[in-house]
There are 2 protein chains.
Amino acid sequence: MRALPDHIDGYGPVRPFAGAFANLGSATRAGTRVQSARPGADKVLPSLRAAIEACGLRDGATVSFHHHLRNGDDVVRAVMAEIAGLGLRDIRVAASSLFPVHAPLVEHIRSGVVTGIVTAYMSGPVAEAVARGELATPAVLQTHGGRARAIEAGEVHVDAAFVAAPTADAYGNINGVHGRSACGTLGYPMTDVRYADRVVAVTDNLVPYPACPIDIGQDEVDFVVPVASIGDPSLIVSGTTRATTKPEGLAIAAQAAQVIAASGLLREDFSFQTGAGGISLATASALREIMAARGVVGSFAAGGITGTIVEMFRAGLFRSLFNVQCFDLEAVASYRDDPAHQAMSASMYANPHNRGAVVNRLDAMILGAAEVDLGFDVNVTLGADGVILGGSGGHADTAAGAKLAIVTTQLSARTHPKIVERVASVTTPGETVDVVVTEAGIAVNPRRADLRDRLAEAGLNLVPIEELQAKARRLTEGAPVAERAEGRIVAVSEYRDGTVIDVVRGVG
Amino acid sequence: MRALPDHIDGYGPVRPFAGAFANLGSATRAGTRVQSARPGADKVLPSLRAAIEACGLRDGATVSFHHHLRNGDDVVRAVMAEIAGLGLRDIRVAASSLFPVHAPLVEHIRSGVVTGIVTAYMSGPVAEAVARGELATPAVLQTHGGRARAIEAGEVHVDAAFVAAPTADAYGNINGVHGRSACGTLGYPMTDVRYADRVVAVTDNLVPYPACPIDIGQDEVDFVVPVASIGDPSLIVSGTTRATTKPEGLAIAAQAAQVIAASGLLREDFSFQTGAGGISLATASALREIMAARGVVGSFAAGGITGTIVEMFRAGLFRSLFNVQCFDLEAVASYRDDPAHQAMSASMYANPHNRGAVVNRLDAMILGAAEVDLGFDVNVTLGADGVILGGSGGHADTAAGAKLAIVTTQLSARTHPKIVERVASVTTPGETVDVVVTEAGIAVNPRRADLRDRLAEAGLNLVPIEELQAKARRLTEGAPVAERAEGRIVAVSEYRDGTVIDVVRGVG
């Protein structure tokens, strides 16, 4: 457990992390306020400025955004430019994720238009500005499920949600499968629109009523703003979405697939999730061969969905897909065309405080890591340079839900070790991580003696995590040791239940 | 306006109806309580009794049901038998509708197990028992949209919602399109499950996880109870779902279609809803000919959906369907197979206090009536014998939302007039009714001078409502005049905004 202050300026009292499953039980979903539609009233407004005014936004407001357009999104920029133009100050941006494309926020941070950020992932100039301490209050880093939970609980009250809508009609029905900016499912805003005071659909494809199929319904949308473009379609689907071709990565992937094969979980109704990283996708490919050879038909694959997973689904290896977000155009097309390829909201995906999230049904999850330590704690928040490089996204959620959470990583990256004594920042607690697979062997969490025995029986190369750490240290000997920053707290990492699992200190 | 008491015993203070659009504006949706699922926990329980106990139901609890299984439903009976068997008392039944099949409730009313009923429609033995004053408190008759509103507002707090699930998996995903009891969309419970403390799926078709397509998701369901049968499939789809073949009915239907044709609304993007009554379906058929002849493609048809409407959709006369409930198996099959045939929740359908219900987008609505009066008020609540024969369902909702609300009715039924000076009970206020079409002519609400001019120009047979009333009186001269019952208040009719529009007094 990390030592944490009782109170953090600009954040408030700290409820310390107390175990991955410590705060289940009865949970509250907040009451909300809705402005009733008058029959015959029109929802279309001529500009974002008109919509911001119609929402009644004031200084100190919280505005929410979603990241299905990823590094092609232009809605955050456009909305925040209008908010700044209207002279609003002290705005909190509750975005499901922030990418390099959101660099224009840095100017708003410096000018005091934006003084708070709540997000599940941030990379690029905004993350760098936060790490330098430029934001007036600590950024709050949540998990995807934790963000849904916080919004539902009223901990993050959204004054206005702006939904980047690839297709919408004039009465606010929205889908993500048609239009030049088609991005597939809209799992993240599905949660926001139910709890925000006001909801604005921003679309570059206004179609005749109704915009079928409907991903978000008219009953949740106040205003519709047609714009020329919500983003750059060529960048909407971005990020690593190809399997690695490097021999070391492929070897790790093959071992990870063997871990699944030997775990006892790879049987009828098997379920699986992986991220879009190169080793993760290579693991999926390796697993595909084993599933086909064994004749296993899985119940579902989940997550952000890639073409790799769609191909496994279409090959009959999974009966269904649960999709919170599409990572590529193959996933978009499949979501549009395949009835068993189902959308899920961020809450249904990963919220620990509902009646049963999809992560709870996962057998095997493949996770990446910036660092893993001797306690199996994983860091995907801080880079070796002390700059925020991401955050949990669904990392901590899926680790907690899955029966088998496998971290795949090389021992070292460039000059710094990735298996360390103690991670620079805890994103995902070790108690929810079962196995670490490296090119030098497989470490099983000592909590999982049952699993260790199965893997040993299958002849896999099991080594203590301490041995991996020692090898990683030797590989990187002589490299400068990263010092933990000692500046003021610039970000607070919340576990999925809203407790604080770690803090990030400034590098400035 | 009817004279209403300030307070009704067993109901509470009365907010009197103050106009169809008097209470729009800011509305509140209640906070809710959810029991978090622990990863790995099982939701399947061996019996309804175990589920009732797991829900922690106590004396005085409110339990909710939906009516998609219509007169074939066996879930209300089975659940209430177990509740009675457990010795619970003072239970309020919040069913979206009650039918003759629910006769076993009468015994529970007499024994004090059930002391309250909230519903949008009731017919058969339960309605008769209520009319006789057997229920301890006045029954509350809502509209479909008003019921969704009341649940969302927390006015009707549901302790446990029981969802009759034609198909479910062990983790609570539900659909209505597969299984022996397939009933199509599940628009009514979609609202209940979001606001109930506990949700139980009762299914006779437990399938491997996940039950795709998902109409209600696992994140909203606490428990799953497999049972041998949730109802009689041959009665699940029941009610009048064939067009009338009687000459008088056909003549009325033809006139109603002509009203739409002359209204100025029958153009590109036209939208339409009709009930499942014989004249209503005949009107749809007559309208179909006109649409085809004019080459009009409508945007959507909505409502409870019948095969008649599905045929119009498949013939290309409507681009889409919005479906809260299927009335026949053709509708079930179409909802399963046609992507532009979309489900809508009761709230999205008709709730006046959300950001825009589908009824708000209706051009033309065809309504039935037990009585219409000189103020165009409509009664579909009370029969000539003073017994409750139904209630609003979506009647008042669609009348309020549609640009053109047309009541079709014969002048008289058997020995009593249907056009009267003053209806025995107001279900739908006259200010929301535009036209009454009878075999003796068409009366236009004086509020709609614009419409009257259009219809006159088209050469339709317009007559004052007073003339229709006089003719109806003459047709039924000598028949006994129904006396308005003067007993205690046995039911309270709420308008869709929760105000009281009328009361029903006992016949006992």
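Every value quoted in this text rests on a predicted model; they were computed, and no experiment measured them.
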Could you please spell out the steps behind the side-chain contact (heavy atoms from CB on, under 4.5 Å) verdict for A:H353 and B:D219? CA-CA 9 Å; A:H353 287 179; B:D219 49 326; over 6 Å; no
Dump the intermediate steps for side-chain contact (heavy atoms from CB on, under 4.5 Å) on B:E220 and A:M348, then the final yes or no. CA-CA 9 Å; B:E220 301 289 12; A:M348 182 176 175; over 6 Å; no
Run the side-chain contact (heavy atoms from CB on, under 4.5 Å) check on A:Q218 and B:N354 step by step: do they pass? CA-CA 9 Å; A:Q218 61 185 49; B:N354 65 27; over 6 Å; no
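Using a 4.5 Å cut-off between heavy atoms, B:A402 does not touch chain A at all. In this structure, chain A has a heavy atom under 4.5 Å from the side chain of B:K43, while its backbone stays farther away. For B:D197, the part lying under 4.5 angstrom from a heavy atom of chain A is the backbone only. If you measure heavy-atom distances from A:A400 to chain B, the contacts under 4.5 Å come from the backbone alone. Both the backbone and the side chain of A:A27 come within contact range of chain B, each with at least one heavy atom under 4.5 Å from a heavy atom of that chain. In this structure, chain A has no heavy atom under 4.5 Å from any part of B:Y349. In this structure, no portion of B:N351 lies under 4.5 Å from any heavy atom of chain A. Proximity to chain A (any heavy atom under 4.5 Å) is shown, for B:V359, by neither the backbone nor the side chain. Looking at B:R149, neither its backbone nor its side chain comes within 4.5 Å of chain A, counting heavy atoms on both sides. Heavy-atom distances place the side chain of B:R361, and not its backbone, under 4.5 Å from chain A. Looking at B:S26, the atoms closer than 4.5 Å to chain A (heavy atoms on both sides) sit in the backbone and in the side chain alike.
No hydrogens or angles considered: a donor-acceptor pair under 3.5 Å links the side chains of A:N360 and B:Y171.
Remark: B:F322 CZ to A:N173 CG distance equals 5.0 Å, nearest 0.5 Å.
Ranked by heavy-atom pairs shorter than 4.5 Å toward chain B, the options A:G401, A:A343, A:P352 are led by A:P352. Taking chain A as the reference chain and counting heavy-atom pairs below 4.5 Å, the highest number among B:A41, B:G25, B:G40, B:P339 is found for B:G25. For the set B:A37, B:S36, B:A357, the entry with the most heavy-atom pairs within less than 4.5 Å of chain A is B:S36. The choice from A:G172, A:S271, A:G356, A:G31 that makes the most heavy-atom pairs within less than 4.5 Å of chain B is A:G356. Ranked by heavy-atom pairs under 4.5 Å with chain A, the first of B:L362, B:V358, B:T32, B:D269 is B:T32.
Side-chain contact between B:S320 and A:C212: present, with at least one pair of heavy atoms (C-beta onward) separated by less than 4.5 Å. In this structure, the side chains of A:R319 and B:P208 come closer than 4.5 Å at one or more pairs of heavy atoms. In this structure, B:P210 and A:Q342 have side chains that are not in contact, with every pair of non-hydrogen atoms separated by 4.5 Å or more. Counting heavy atoms from C-beta outward, B:D169 and A:S299 have side chains that stay 4.5 Å or more apart. At a threshold of 4.5 Å between non-hydrogen side-chain atoms, the residues B:I214 and A:M344 do not count as touching.
Electrostatic pairing of B:R33 and A:E152 does not count as a salt bridge here, judged by no charged N lying under 4.0 Å from a carboxylate O. At a threshold of 4.0 Å, the pair B:D222-A:R355 counts as salt-bridged, since one of the basic side-chain nitrogens sits closer than that to a carboxylate oxygen.
Considering every non-hydrogen atom in both B:V193 and A:R29, the closest pair reads O-NH2, 4.4 Å. When all heavy atoms are compared, the tightest approach of A:L24 to B:P39 is CD1-CD, 4.1 Å.
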